[in-house]
Each structure stands twice: as C-alpha cells, then as structure tokens.
Amino acid sequence: MVQDYGSALNFIPLNRRKFIYLTGMGVGAGLIGSVPVLGSSIPEELLSPPAALKKELADVALNTAKSRGATYADVRIGRYLNQFISTRENRVQGVSNNESYGIGIRVLANGAWGFAASSKVEKDAIAKTAEKAVQIAKVNARLQSAPVILAPQKGVGEVSWKTPIQKNAFEVPLKDKIDLLLSVNGIALQNGANFVNSALSQINEQKYIATTDGSYIEQDVHRLWPTFTVTKLDRATRRVETRNALSAPVGMGFEYLTPDSKEEINGLFTLYKKRYNMQEDIKTATLQLTDKLKAKPVEPGKYDIILDPTVLFLTIHESVGHTTELDRVLGYEANFAGTSFLTLDKWRSGKFKFGSNIVNFVADKIQPGSLGAIGYDDEGVPAKSWNIIKDGILVNYQTIRDQAHMLNLKESQGCCYADHWSSVPFQRMPNVSLQPGKVPLSALDMIKNVEKGLYFLGRNSYSIDQQRYNFQFSGQLCYEIRNGKIAGMVRDASFQATTEEFWNSCTAVCDQNDYRLCGTFSDGKGQPSQSSAVSHGCSTTLFKGVNVISTASKID
Amino acid sequence: MAILSKEEAQALLKKVLAFSKADECTVSLSGSESGNIRYARNAISTSGDISTLSLGVSASFGKKTGSASINEFDDASLEKVVRRAEELAQLAPENPEYMPLLGPLEYKEPIGFVPATAAITPDQRADAVGKSIQVAKDAKLQAAGYLEDTTGFNAIMNSKGFFGYNRDTDVVFTITTRNEEGTGSGYAARGFNDITKLDTLSTTKIAASKANGSIGARSIEPGKYTVILEPVAATYMLSSMFGFDARSADEGRSFLSKPGGGNRLGEKLMDEKVTIYSDPFNPELPASTWNGDGSENKRINWIEKGVVKNLSYSRYWAKQKGVQPVPGPSNIIMEGGTMSVEDMIKSTERGILVSRLWYIRMVDPQTLLLTGLTRDGTFYIENGKIKYPVMNFRFNESPVIMLNNVEALGKPERSVNVESYRSYLIPPMKIRDFTFTSTSEAV
C-alpha cells in the first residue's frame with residue numbers, strides 16, 4: 001500500500017523505524033516536524049569501499065553460511081544516503097543528511113530461510129551474523145512442512161550497474177537546491193497563496209549483492225522527488241483548498257529539474273514528461289486554487305471519467321500492481337496488506353477478462369527514468385520485462401526465485417528487493433505500465449468525445465480493499481466535461497468502482513506522445529514493513545460510466 | 001550490542017558533543033535489537049534478527065541549523081558527522097522559527113522496559129508461532145501471522161546540559177486465519193511491553209472463530225447503521241485524529257480550526273462520554289517521560305467530557321501565542337466504561353459488528369473525513385444477537401462526527417495499528433449513524 005500521502009505537507013517517510021529522529025518522540029507530535037534526519041552533498045569519502053574489498057567481505061558471509069550448512073546464501077552490503085530539504089513559505093524547515101551502512105545475510109538451511117543483519121561490517125562480525133542467520137533457519141526448519149524450492153539462477157560474475165543519471169543531485173550545491181525551493185514558494189506567495197510547503201528528497205543506494213551462485217553485483221541507484229503543497233483559504237466561505245505538485249518521483253538525477261519544452265504536454269494546461277518545471281507548475285497550481293475555492297459541488301452519479309497519468313498511476317498501482325503480486329495471490333501477505341482476487345484458477349483458465357481488449361499491462365525493471373529500473377534484483381536475477389495483462393486477459397504475475405515454481409516458471413522474473421541492509425529481501429512490485437494506444441489521440445481530443453464526464457488530474461485520496469475489488473480515488477483537480485467541452489471545476493468528487501468492472505469499462509487510451517511515468521517512493525509491504533519505490537507508465541485514459549460520489553461533509 | 005546503558009550512552013554522546021564547534025548542538029542515539037518470525041500458509045516464510053544503532057547530530061549557528069546522521073562509531077566517523085551537520089548549518093538560511101535549546105531537565109524514570117522481553121531467544125519465538133500454527137491446523141484454517149519483539153533505547157544530549165535516556169521493550173503479535181476456499185477470514189492483534197503477557201494460542205483461537213464465523217457472508221444494502229467497533233477497528237478509525245496540534249488549527253487548516261479564526265480550545269466538540277488523554281506512567285501503555293525537544297511528558301487531557309481541553313503547542317508557536325508550550329501526545333488513552341463487546345451486542349436492536357477496518361485514507365482534512373473498508377469479520381446484529389456474517393463495506397465517515405454519535409463505550413484494551421505500528425488504549429464503541437457507502441466482495 002502506498003504510504004507517502006503524496007504531498008509536501010504530509011511527507012511521512014515509511015522507514016521511520018530505520019532512520020533516527022531528532023525531533024519529538026511523542027505520538028503524532030506533528031509528523032511534519034519529525035522528518036527523519038536525512039543527507040547533504042556527499043563528499044567522495046562517502047563512496048563505498050572498492051569492489052575488491054566488498055567481495056572479500058561478502059565471501060566471509062557466503063563461506064561461513066555454507067560451512068554451517070546453508071545450501072544457498074545471499075548477502076547485501078549497503079550504504080544508503082539520503083538528503084531531505086523541506087521548506088515552508090520563506091524559510092527552510094529542515095536540511096538533513098542520513099547515512100546508513102551495514103550488512104544483511106539471508107540463508108537457506110534445512111529447507112528454511114534465516115536472516116540476520118548488523119551494522120558491523122568487519123570480518124569477525126560478519127561471520128557471527130552469518131552463523132546467526134543459519135541458526136535461525138535451522139530453528140525454524142522444524143515448523144516447515146515442505147522445503148523452500150529455489151528457481152536456478154546462473155551466477156553473473158563480477159558486474160556493475162548505475163542509474164543513467166546526467167547530474168548527480170548530491171553534487172548540486174545545497175544553496176542551489178534551497179534557492180530553487182524558496183523561489184517556488186515565492187511564486188506561490190506572489191500569486192496569493194496563504195501557505196506553501198515544498199520539499200526535495202534525494203536517495204542514493206550503493207548496494208553490493210553477492211550470492212552463492214557466483215554473482216558479485218555492484219549497483220549505484222539514484223532517485224529524486226521534488227514536490228510541493230500550496231494552500232489558499234477563503235475566509236468568507238471558510239473553505240480551504242490545496243494543490244500538490246504534478247511532478248513525479250523519478251529514477252533520475254537533478255536533470256529532471258531542468259525544464260525542457262520538448263518534454264511538456266500542451267493540454268488543458270502544461271503537464272510534464274521527463275523534465276519538470278517546478279516554478280511554472282506552482283504558478284499554475286496557485287492560480288488554479290482560486291477556481292478550486294469557487295468550484296461547485298459535484299452531482300453524484302455515473303460519469304465517463306478521463307484520468308490523467310498523475311492520478312491513473314495510483315489506480316494502476318493499487319488495482320493492477322498489487323493484484324498481480326504472486327505472493328499476495330498465494331496468501332503470504334494475508335496478515336498485512338491482504339490477498340488478491342486474481343486467484344490462480346483465473347490465470348490457468350487463460351480466459352480471465354481483466355479488462356477491455358485495449359488494456360495491456362507490461363511489467364518491467366528496465367524503463368530508463370523509472371523508479372523500478374535496476375541491473376539485477378536482490379537474488380542476482382537480471383532485469384527483464386514481461387506481459388501481465390495482454391489484450392485484456394490475465395497472462396502472468398510478478399514473482400521471485402522461491403515462488404517461480406508455483407507458476408511452472410523456469411526462472412525468476414527478478415522482483416526481489418530489500419529496502420535496507422537490515423531488511424530481508426522479498427517480492428516487490430516491478431514497474432507495471434499501461435501500454436499507450438496505437439491510434440493517435442491526445443487528451444484534448446479525448447475530451448471532445450465525452451458528453452457527460454469528469455477529468456481528474458493529480459493523485460489525492462486513495463483506498464482499496466484487501467483483495468483489490470473495491471476502490472475509491474479522488475484527484476487534486478476535477479473538471480466537469482459537458483458535450484465535449486470543459487465546463488469548470490467541481491469539488492468533493494471521488495470515483496468508486498470495482499477493479500474488473502473498471503478496467504473493462506476502459507474505452508480509449510491516448511497515444512505514445514501522452515505517455516508518462518509517475519510513481520511513489522513509499523510502497524509499503526511486508527512485516528516488518530518495507531518501503532519500495534515504483535513507477536507506473538500510462539497515457540491519459542477514458543473509462544465509461546463510472547460511479548462518482550460526493551464526499552462533502554461538515555463537522556459544525 | 002545495539003542497546004547502550006544510560007552510562008554508555010552518556011559517555012558516547014559527551015564524546016560526540018566535544019567535537020562540536022557550533023553555537024548550539026544536539027546529539028542523539030537510537031538503537032534496537034529486534035527479532036521476528038513471519039509465517040503464512042501454516043509455515044514460516046521469513047525470519048530475522050536485526051541490530052541497529054545510529055547517531056544523529058543537529059548543529060546550529062545563530063538561527064541556522066543542519067542535521068546529519070551516521071551509524072559508524074569510530075572517532076573519524078563521529079567527527080565527520082558533526083562536521084557534516086555544521087557544514088549544512090552554515091549553508092542553510094536563517095530559520096526565523098529557531099528556538100534556543102532547553103537546559104537540564106529532572107524527569108521521572110520511564111517504566112517501559114521489561115527484562116523478560118529483552119531476553120527472548122529464537123527458540124521461544126518459534127515455540128510461540130508453533131502454537132499458533134497448530135490452532136489454525138486444528139480449525140482447518142490457513143494461518144498468516146507475524147511476531148516481532150524489540151528492545152530499543154533513545155538518548156539525547158545537548159550543549160545546554162540536557163540529557164534524556166529511555167529504554168523500552170515491545171512485542172507485537174498479529175494473526176490472520178482464512179479457510180482454504182477463501183470465503184472466511186478472521187484477525188486478532190496483541191501488543192505488550194511484557195512478552196510473558198502474550199498468549200499466541202488464545203489469540204489465534206479468536207482469529208479462528210472469526211474466520212469460521214464469517215463464512216457465507218450475505219450482502220446487505222450500504223447506508224447508515226448503528227455499529228459496534230471492536231477496539232482494533234476503533235483504533236484505526238481514530239489514529240488520524242490524535243495530533244491535537246494548535247498551529248495547524250490556528251492557521252485554519254485542521255478540524256480543530258475555529259470558523260472565523262483561532263482554534264476550538266475550550267469548545268465541546270464531541271459527546272460528553274469522550275475523554276482522551278496521555279499518561280507516560282500508564283502500566284498498560286507506558287511512554288517516554290521526556291520529549292525530544294527537552295521537555296517533560298506528563299499526564300495531560302486532550303479531550304475531557306467532549307470538550308477540547310488542551311492542544312499541543314511547539315515552543316515557537318507557544319511564544320507567538322503567549323502561552324506555555326505543550327508537547328505532543330506521548331501516548332493515547334481513551335476512557336471507556338465497563339461493558340464488554342458481548343454486552344454491547346445484547347443491547348443492540350439492529351446493527352453491524354465491525355471486527356477491523358482497513359486501508360483508511362484521508363478524504364478531507366478539514367472535517368477529517370476518512371474512507372476505508374471493514375475487514376476480517378463483519379456481522380449483522382438483530383434483537384441483541386449476531387444473526388449472520390455480512391459482506392464487507394466501504395465507509396466514508398469522520399471520527400469527529402463519529403464521536404458525537406456515541407451510544408456506549410466499553411472496557412479499553414491495548415490495540416495496535418499495524419500501519420503506523422503504534423499502540424493505543426481504546427475502548428470498543430457503539431456508534432449510531434455510521435456511513436457505509438458501498439459493499440465489497442473482498443474476504
């Protein structure tokens with residue numbers, strides 16, 4: 001489930017138990033204030049030790065595990081760097097750097113998994129941690145009814161991979177980053193905003209993975225998320241409205257924040273693809289709030305709804321991404337996020353009509369700029385891509401090495417990920433993307449063909465049940481469409497649908513020119529809960545006859 | 001060892017502070033030893049032992065502050081993290097809201113540490129999980145559960161002489177049982193500081209009886225119903241309400257904002273049966289006795305007989321408003337009565353028993369309107385008896401409106417919100433006119 005709440009105002013990183021907090025230990029003591037202490041421009045000394053040293057350390061773990069009886073082991077030596085800058089109005093609220101370094105060892109012994117992690121990355125301590133992992137596996141093996149079956153993976157040798165960034169965000173001077181955020185806030189205030197929060201999160205995972213298959217993989221993963229929340233009040237009507245940035249968290253460097261007109265879409269207003277103009281977006285946002293404060297209440301009922309990628313990606317994440325996770329289907333997540341209605345019989349039939357004929361979903365770990373892109377997963381499986389929904393039919397799931405055999409797969413799909421050195425790797429969602437339409441179609445043309453509709457942009461409230469049937473979403477912006485024309489903004493609109501019915505009501509998808517990657521930094525799953533970053537590509541899409549409810553409420 | 005004693009923490013923090021060249025500096029340590037077993041399909045799926053220790057530094061020059069953290073503890077790393085925080089501070093613009101640090105504080109020793117929990121072994125964990133799996137097998141159900149124990153500490157020292165140390169233990173057990181066909185599901189959750197209070201066998205039996213009792217759910221029309229929320233359901237519903245922050249209220253952007261300006265302090269906002277407070281010395285739910293900003297956590301009433309009695313004021317906001325600072329809630333305890341859930345069912349003519357709620361997200365922060373769904377056992381009540389299980393509902397409801405519609409409150413229980421991993425003491429509650437907006441086939 002997504003736990004980042006999407007706005008600068010409510011930025012609550014999921015890894016709250018992994019990062020130290022300096023401010024307020026109290027329950028709910030203004031979560032805004034208790035942002036974890038994250039990172040700064042990173043000097044060279046922070047780069048991890050050379051690969052040769054890490055190989056030596058990793059071999060201590062692998063060899064100890066094997067000598068204690070492990071039949072398989074993988075080890076992650078990770079250095080995790082973060083920098084987080086948060087501002088409100090004309091001031092910086094927090095500038096922080098976080099760094100965490102340690103080792104996690106996972107072993108298979110007597111047919112059961114064991115895991116141990118420690119921040120002591122020295123040979124003696126590593127051997128002890130490996131022993132502990134084997135001990136845990138053996139203790140737990142007595143409760144195991146069937147041994148773990150691991151899909152084979154040929155060792156890839158000594159290899160490396162790096163996110164293809166053009167400008168390392170950690171090397172951009174702090175002053176430039178602060179200036180950008182404060183200039184963004186300034187634009188909001190000049191245009192009549194009452195409050196504005198903006199933030200920039202930068203993440204660098206330097207991860208070394210070694211497995212007993214003979215893989216020694218060095219990866220340098222970068223992510224960036226610029227965002228804001230702007231607020232306007234209308235004292236007379238006592239209304240408060242906010243609008244969040246229509247940016248995306250990306251697997252890119254600071255180049256994402258260099259505006260480029262070639263990466264803009266001239267729709268109802270400007271929207272952004274692989275480059276983002278934060279200053280332009282906040283001006284648009286602040287001006288839109290004036291209309292939002294005057295928006296009329298939505299009339300509940302059936303509408304044809306048009307979803308911009310900035311809201312559709314989250315609908316995809318919840319209703320397609322999680323629904324097709326094999327571990328959920330099998331019941332491994334039953335005690336936390338839940339299971340899935342896409343049971344194996346539906347897949348085996350080869351006929352289960354998940355969506356209309358134009359609905360095609362591809363899973364991948366490779367799209368450049370996406371949050372899911374990597375070279376190899378945490379079990380040493382090379383990144384790949386595969387169909388999940390083909391011409392509306394359920395054809396595959398997402399899985400890892402110890403569950404691949406349940407789909408009769410000969411190899412893993414490479415979806416294994418641990419969010420920290422102290423976390424156990426398990427199945428995490430790859431990018432799951434809706435393929436663009438083959439017929440040329442823009443969002444503005446799509447609007448022309450709608451008689452009674454609503455056009456949603458920007459992620460907002462979201463909720464779905466534990467088997468992924470019933471969902472409810474709203475947008476940052478919602479425009480009424482009457483007879484092919486935009487007829488002003490409405491408020492309090494949420495669309496409520498069931499997954500199968502919704503995707504079968506999909507009648508048009510815009511073309512490749514409208515395709516964008518949106519995503520989240522904080523997809524929460526597992527116990528202890530881990531956070532993973534994932535993107536979903538899609539173009540603006542039309543759904544016929546969807547139920548829209550009004551969420552207007554009053555407490556006085 | 002990730003758990004430092006008070007003396008060890010004090011010595012290490014003194015050493016770090018000695019590197020500081022800033023005008024003001026705060027250094028903090030946080031460490032935990034944690035073990036877990038996760039199981040599903042009646043077998044263990046993952047299990048681990050995790051040890052972490054990290055150091056945070058916040059340095060200020062005038063009103064310019066920077067923060068950095070690290071988890072390596074050689075002298076070079078200690079100095080490096082201090083220098084890095086100072087570099088960030090020098091680069092940061094002035095924060096007009098900066099408040100000078102507080103000095104030494106006399107605080108009472110916290111009571112959250114239980115040696116038995118700290119001493120748990122992998123074998124004890126496996127035994128506890130083994131019992132739970134056996135209950136599920138006996139009831140012909142599939143168990144998916146999670147047991148996690150943690151021993152942790154926090155210590156903070158600043159250049160004005162404040163030093164705080166808190167150590168505590170925690171164990172959380174959650175269990176979901178489902179039948180093979182996927183037509184019935186039940187859940188139970190328990191949290192304690194003291195692991196000897198945890199009984200995985202009886203807890204799993206509760207989940208099993210809910211699972212078998214929820215098979216064959218009928219669909220009934222959504223709409224407004226009287227509901228009985230079990231403590232875990234009530235906890236999920238109320239969790240987003242507990243900030244009690246004065247500033248966002250004064251700024252006109254929370255449910256505690258007064259129409260026309262200011263906040264609702266002193267106003268009656270809920271039914272008079274509602275009293276919500278914090279108390280770090282509650283034996284069922286102890287909390288730290290000091291706060292990260294260097295002030296003391298004491299017992300404080302937030303809502304008293306339905307009236308907003310106190311709001312949390314940061315030191316900056318308190319100064320702006322000319323009031324005393326009030327730290328945020330150290331824990332959340334809601335008063336109740338003596339009724340059990342069974343008593344509440346007996347007194348209900350027509351209503352819905354809700355075992356648990358799920359995937360709750362904010363729809364409107366001004367009214368705290370939330371949406372989410374029922375899960376793991378929803379039952380129709382008629383004439384004082386549970387008649388049959390019903391399909392799950394989606395709701396759109398505000399906890400503030402809900403706490404105006406209180407019919408009865410039962411005996412408070414410690415319950416856990418697994419999304420935030422926080423525990424609360426919350427009673428079961430009977431609420432009229434709770435708004436369900438659609439049904440879901442999900443089991």
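Numbered from 1 within each chain, the chains take letters A, B, ... in sequence-line order. The figures that follow rest on heavy atoms only: side chains count, while hydrogens, waters and symmetry mates do not.
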Do the non-hydrogen side-chain atoms of [X] and [Y] ever get within less than 4.5 Å of each other?
{"X": "A/F426", "Y": "B/R38", "answer": "yes"}
{"X": "A/L143", "Y": "B/V129", "answer": "yes"}
{"X": "A/S494", "Y": "B/T371", "answer": "no"}
{"X": "B/E441", "Y": "A/T498", "answer": "no"}
{"X": "B/Y421", "Y": "A/P528", "answer": "no"}
{"X": "B/S438", "Y": "A/N470", "answer": "yes"}
{"X": "A/V95", "Y": "B/K64", "answer": "no"}

Output the option from [options] having the highest count of non-hydrogen pairs under 4.5 Å with chain A.
{"options": "B/S278, B/A92, B/P96, B/P280", "result": "B/P96"}
{"options": "B/L373, B/I133, B/D49", "result": "B/D49"}
{"options": "B/E397, B/E94, B/R178", "result": "B/R178"}
{"options": "B/G48, B/P122, B/S47", "result": "B/S47"}
{"options": "B/D376, B/T177, B/N404, B/I175", "result": "B/I175"}

Of the backbone (N, CA, C, O) and the side chain (C-beta and beyond), which part of [X] lies under 4.5 Å from a heavy atom of chain A, both, or neither?
{"X": "B/S45", "value": "both"}
{"X": "B/A287", "value": "neither"}
{"X": "B/Q142", "value": "neither"}
{"X": "B/Y39", "value": "neither"}
{"X": "B/N36", "value": "side chain"}
{"X": "B/V400", "value": "side chain"}
{"X": "B/E72", "value": "side chain"}
{"X": "B/V443", "value": "both"}
{"X": "B/R247", "value": "side chain"}
{"X": "B/T374", "value": "backbone"}

Engaged part of [X] at the chain B interface, taking heavy atoms whose separation is under 4.5 Å:
{"X": "A/F336", "value": "both"}
{"X": "A/S119", "value": "both"}
{"X": "A/V92", "value": "both"}
{"X": "A/R468", "value": "side chain"}
{"X": "A/I464", "value": "both"}
{"X": "A/Q496", "value": "side chain"}
{"X": "A/E241", "value": "neither"}
{"X": "A/R88", "value": "side chain"}

Would you check if the side chain of [X] reaches a backbone N or O of [Y] as a donor-acceptor pair within less than 3.5 Å?
{"X": "B/N71", "Y": "A/Y101", "result": "yes"}
{"X": "A/E99", "Y": "B/I70", "result": "no"}
{"X": "B/R41", "Y": "A/Y332", "result": "no"}

message: For a side chain to side chain donor-acceptor pair (under 3.5 Å) check, start with the C-alpha distance between A/S553 and B/T367, then their side-chain angles and the critical distance, and finish with the verdict.
response: CA-CA 7 Å; A/S553 62; B/T367 59; 2.6 Å; yes

field: Chi angles and distances behind the side chain to side chain contact (heavy atoms under 4.5 Å, CB included) call for A/F115, B/T46
entry: CA-CA 8 Å; A/F115 176 79; B/T46 58; over 6 Å; no

Could you tell me which of [options] has the largest number of non-hydrogen atom pairs under 4.5 Å with chain B?
{"options": "A/Q144, A/Q472, A/R106, A/R239", "value": "A/Q472"}
{"options": "A/S463, A/G104, A/A116", "value": "A/S463"}
{"options": "A/N547, A/D465, A/T129, A/V139", "value": "A/D465"}
{"options": "A/R91, A/E333, A/Q466, A/K175", "value": "A/Q466"}
{"options": "A/D327, A/L330, A/I178", "value": "A/L330"}

task: Give the intermediate values and the outcome of side chain to side chain donor-acceptor pair (under 3.5 Å) for residues A/N98 and B/S69.
output: CA-CA 5 Å; A/N98 182 75; B/S69 81; 2.5 Å; yes

- request: Classify the side-chain pair B/T174/A/N335 by whether it contains a donor and acceptor separated by less than 3.5 Å.
  value: yes

message: Please tell me whether B/T52 and A/S422 have a donor and an acceptor in their side chains that are separated by less than 3.5 angstrom.
response: no

Heavy-atom closest contact (A/G331 atom, B/A144 atom, distance): O-CB, 4.2 Å

- request: Could you tell me whether A/R142 and B/D127 make a salt bridge, using a distance below 4.0 angstrom between a side-chain N and a carboxylate O?
  value: yes

